[in-house]
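What follows is a short report on a single structure.
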Amino acid sequence: MANKKNLGIQYKKLSLGYRIKRDATKNYTLYLMMLPVLVYYIIFHYGPMVGLQTAFRDTRIITDMWTAPWVGFANFRAFFNHPWFGMILGNTIRISLWTIIAGFPAPIILALLINELKSKKFSRVTQTITYLPHFISLVVVAGMVITFVSAGSGGIISQAWAFITRTEPQYMLNNPSMFLPIFVTTNIWRTIGWGSIVYLAALTGIDPTLYEAAEIDGASRMRKLWHVTLPGILPTITIMLILRVGQVMTVGFEEILLLQNQLNFHVSEVIPTHMFNRNFGNTDWGITREHTGYTSAIAMFNSVINFAIIIVANFICRKVGETSLW
Amino acid sequence: MIQRKTFGERIFDGFNILFMLFLIVVTLYPLIYVLASSLSSAGDLARHRGILLWPVGNINLAAYGRVFSDPQLMVGYRNTLIILVGGVTLNILLTSVGAYVLSRKDVFWNKTFSKLIVVTMIFQGGFIPLFLVVNAIGLLDSLWALILPTAISTFNLIIMRTSFAAIPESLSESAELDGAGHMTILFKIVLPLSKAVIAVMVLFYGVFHWNSWLHAALFIRNENLFPLQLVLRNILILNQMTDDMMAGDIHGANVMEIQMTIQYAMIIIATVPILCLYPFLQKYFAKGVMIGSVKG
């Protein structure tokens, strides 16, 4: 015991510089291996963060992100004063909130229901099948949605909708009021199964003796769900929710971009699609192209808000509950 | 302890099973519909309304013939295969090397590395600044632009590190005593012991490359470098058919009708490779996600 203590003291006495040096000689092959990984992160993850400084430059004539003239906050002002700013921000928040409200609980509920299935085989089959949409490309999903809500022969959803509402089948994506329900439903269809995996994993981690104890106390199935199961997966739910709200400004933008058309544009244009369309979009829709300084300003605006939300969400979770990201 | 189920519980179990069946139908039916439509005759399909479980008219592969006669689609396939093989190789190499270093406990700078890497999950510049970077290093209009920027997924790196860290240290220690270098330990000991997690990684990265379209839309202008999904997008979403597809006798069906079956056939062609692989890898990837979610 005394010996161990002595060793501990001795170790502490080694200076930081010595430890770094000893580590460098001992592990230099490991650092050499790590080098390409670090280079990758520096170029493709920290590079874009540096690239965000373009937000303060006028890149209309000189497009280079290093030499274009500085313009201060002009690009930000241009975005905030954009005639569509209110509309775009409103769409982003509306679509994001609905996706969270309807889409976030869905995989949790699915995991709880799968957990209640008695037959292991049926439960496995259900899981295998519901994971499937995760592996289908967004382009294909959007292509299928476009077909199913079309007015033509493939429009099985519009036909069903027309039957219910006693109207003629129409191309539902052209109807602005249908865009949000279509997007949110598609999003749930695509993510419900895959999203349930983490919760199912958390459910298997719950100590079975807790259920036994609850049973001895005469708890019903609902009681067990409420007092054992839900608290058991609460940490996972919290972490997933923090990560999810940190994506609020990003929404499901690739999917939106694919489902967007000229007629639903004013309800489907969100901040990231605005960025995409201003630099790469379809000019036939009356979109004017903008310089990358302008879109970088929006990118910065978005990243900062996402980051702030995640910080605040994490702070709240740490104060209120026991789990947080850090 | 065997309990008699109450009436309410029976009802609940019944409804639960019904709900799962409903979910299974909702998930699978779109694919069945598309498959049946792609094999239908164009004219009959256009007159058909409502549910479809089996091709209408004579079962035929005409739509597939038209799709495969399109050179643009073949170019898309070729490019996607190049990206897939090159990309996944690089993905697995870099991710396993990074995961190996990060899984070692005695490396002084590992904590710093981990922090630097995890920060990129929380704060992201977004696609416009990434475009600026790709542009600045001259990768625009090159397939490298679809391989290098996605060389490592941080999420996958964490999964792999967790899995490597679970391998008993004594194995690598004894190899080190025998004078093996780190590369030897990684390739001769760690990787052969991690077949399951590598299978998961190949699946995740492979599916990502197969399905990805946004980076191509941002970085690629040259049509000869379009990957499959971008070609698909032009045909499915933007409705741009090529003349090659519409060439030849169209048997009295009109152009719109032919287009529909072509679109169905394309969806099937783009999805089938994944659907074929999927059942075999299913047991692995659930495990993979769980490893990641436990430690995250």
Side-chain angles (χ1 to χ4, degrees), chain A residues 19-20 23 27 29-30 33-34 36-37 40-41 43-45 47-49 51-52 54 65 113 116-118 126 128-130 132-133 135-140 142-144 146-148 152-154 156 159 189 197-198 201 215 221 239 246 254 258 275 279-280 292 295-296 299 302-303 307 310, chain B residues 1 9 13 16 19-20 23-24 27-28 30 33-34 37 45-46 48-50 94 97-98 101 104 107-108 113 116-117 120 122-126 128-130 132-133 136 149 151-152 181-182 207 211 213-214 217-218 229 232-233 236-237 260 263 267 270-271 274 278 282 286 289-290 293-294:
Chain A
R19 269 158 61 203
I20 291 174
D23 172 72
N27 291 329
T29 40
L30 285 171
M33 285 163 79
M34 197 61 186
V37 177
Y40 163 76
Y41 273 96
I43 295 180
F44 292 110
H45 289 269
M49 294 186 200
L52 279 178
T54 318
M65 62 188 253
L113 289 179
E116 293 292 328
L117 287 174
K118 293 288 176 295
T126 313
T128 309
I129 290 173
T130 51
L132 195 69
F135 293 91
I136 300 175
S137 85
L138 285 172
V139 175
V140 165
M144 292 202 293
I146 287 172
T147 312
F148 293 152
S153 72
I156 40 179
Q159 285 158 28
W189 181 82
I197 294 182
V198 274
E215 253 163 58
R221 231 155 121 181
I239 298 281
E254 289 187 45
L258 292 166
M275 279 147 63
N279 281 164
F280 308 94
T292 49
T295 42
S296 295
N302 243 12
S303 297
F307 188 63
I310 216 171
Chain B
M1 185 195 296
E9 278 185 49
D13 285 334
N16 197 7
F19 177 74
M20 292 302 160
L23 210 60
I24 290 172
T27 309
L28 289 184
Y33 183 91
V34 171
S37 301
L45 184 68
H48 181 84
R49 287 290 179 278
L94 275 184
V97 166
V101 177
R104 308 276 310 187
V107 182
F108 185 82
F113 293 158
L116 279 175
I117 288 169
T120 63
I122 299 168
F123 192 87
Q124 290 157 343
I128 295 287
L130 181 65
L132 295 174
V133 169
I152 299 175
H182 287 296
V207 168
N211 285 341
W213 71 280
L214 182 70
L218 295 170
Q229 298 296 333
L232 268 184
R233 173 189 173 236
L236 292 180
I237 315 287
M260 296 231 17
Q263 294 188 339
I267 290 178
T271 316
I274 288 173
Y278 173 78
Q282 198 255 351
V289 175
M290 287 181 193
S293 60
V294 170

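In what follows, chains carry the letters A, B, and so on, assigned in the order in which the sequence lines appear, proteins first and then strands, with residues in each chain numbered from 1. Just so it is clear, the structure is predicted and the values come from calculations on it, not from any experiment.
- Most heavy-atom pairs under 4.5 Å with chain B, from the set A:Ile310, A:Asn302, A:Asn27: that is A:Asn27.
- In this structure, chain B has heavy atoms under 4.5 Å from both the backbone and the side chain of A:Leu258.
- Taking the side chain as every heavy atom from C-beta outward, B:Trp213 and A:Val140 never approach each other to under 4.5 Å.
- A distance of 10.0 Å separates OH of A:Tyr40 from CD1 of B:Ile117, quoted to the nearest 0.5 Å.
- Contact annotation for B:Leu130: both backbone and side-chain heavy atoms come within less than 4.5 Å of a heavy atom of chain A.
- Here B:Asn16 is the residue among B:Ile24, B:Leu214, B:Asn16 with the most heavy-atom pairs under 4.5 Å with chain A.
- Of all the listed residues (A:Thr54, A:Thr130, A:Ile146, A:Leu117), the one sharing the greatest number of non-hydrogen pairs under 4.5 Å with chain B is A:Leu117.
- Proximity to chain A (any heavy atom under 4.5 Å) is restricted, for B:Val34, to the side chain, taken from C-beta onward.
- Residue contact with chain A, scored on non-hydrogen atoms closer than 4.5 Å, involves the backbone and the side chain of B:Ala151 alike.
- Between chain A and the residues B:Gly181, B:Ala217, B:Pro149, the most heavy-atom pairs under 4.5 angstrom are made by B:Pro149.
- Put simply, CG on B:Leu218 and CD1 on B:Ile128 are 7.0 Å apart, with the number rounded to the nearest 0.5 Å.
- Remark: A:Leu52 CG to B:Phe123 CZ distance equals 6.0 Å, nearest 0.5 Å.
- Counting heavy-atom pairs closer than 4.5 Å to chain B, the top residue among A:Leu113, A:Ile239, A:Asn279, A:Thr147 is A:Leu113.
- Applying the side chain to side chain donor-acceptor pair (under 3.5 Å) rule to B:Ser37 yields no partners; only residues at least two apart in sequence or on another chain are considered.
- The side chain to side chain donor-acceptor pair (under 3.5 Å) check on B:Asp13 picks up A:Arg221, B:Lys5, with sequence neighbours excluded.
- When the candidates B:Leu23, B:Val207, B:Thr120 are compared by the number of heavy-atom contacts under 4.5 Å with chain A, B:Thr120 comes out ahead.
- Note: B:Pro129 leads B:Pro129, B:Ala136, B:Ala270 in heavy-atom pairs under 4.5 Å with chain A.
- The line from CD of B:Gln263 to CG of B:Leu232 is 10.0 Å long, rounded to the nearest 0.5 Å.
- Heavy-atom pairs under 4.5 Å with chain B peak, among A:Tyr41, A:Phe307, A:Trp189, at A:Tyr41.
- Here the shortest heavy-atom pairing between B:Gly125 and A:Ala299 reads O-CB, 3.8 Å.
- Put simply, CE on A:Met34 and NE2 on B:His182 are 13.5 Å apart, with the number rounded to the nearest 0.5 Å.
- In this structure, the portions of A:Ile136 lying under 4.5 Å from any heavy atom of chain B include both its backbone and its side chain.
- Atom CD of A:Glu254 sits about 10.0 Å away from atom OG of A:Ser137, to the nearest 0.5 Å.
- Contact count against chain B (heavy-atom pairs under 4.5 Å) is highest for A:Leu132 among A:Thr126, A:Leu138, A:Leu132.
- Most heavy-atom pairs under 4.5 Å with chain A: of the set B:Leu28, B:Leu116, B:Val97, this distinction falls to B:Leu116.
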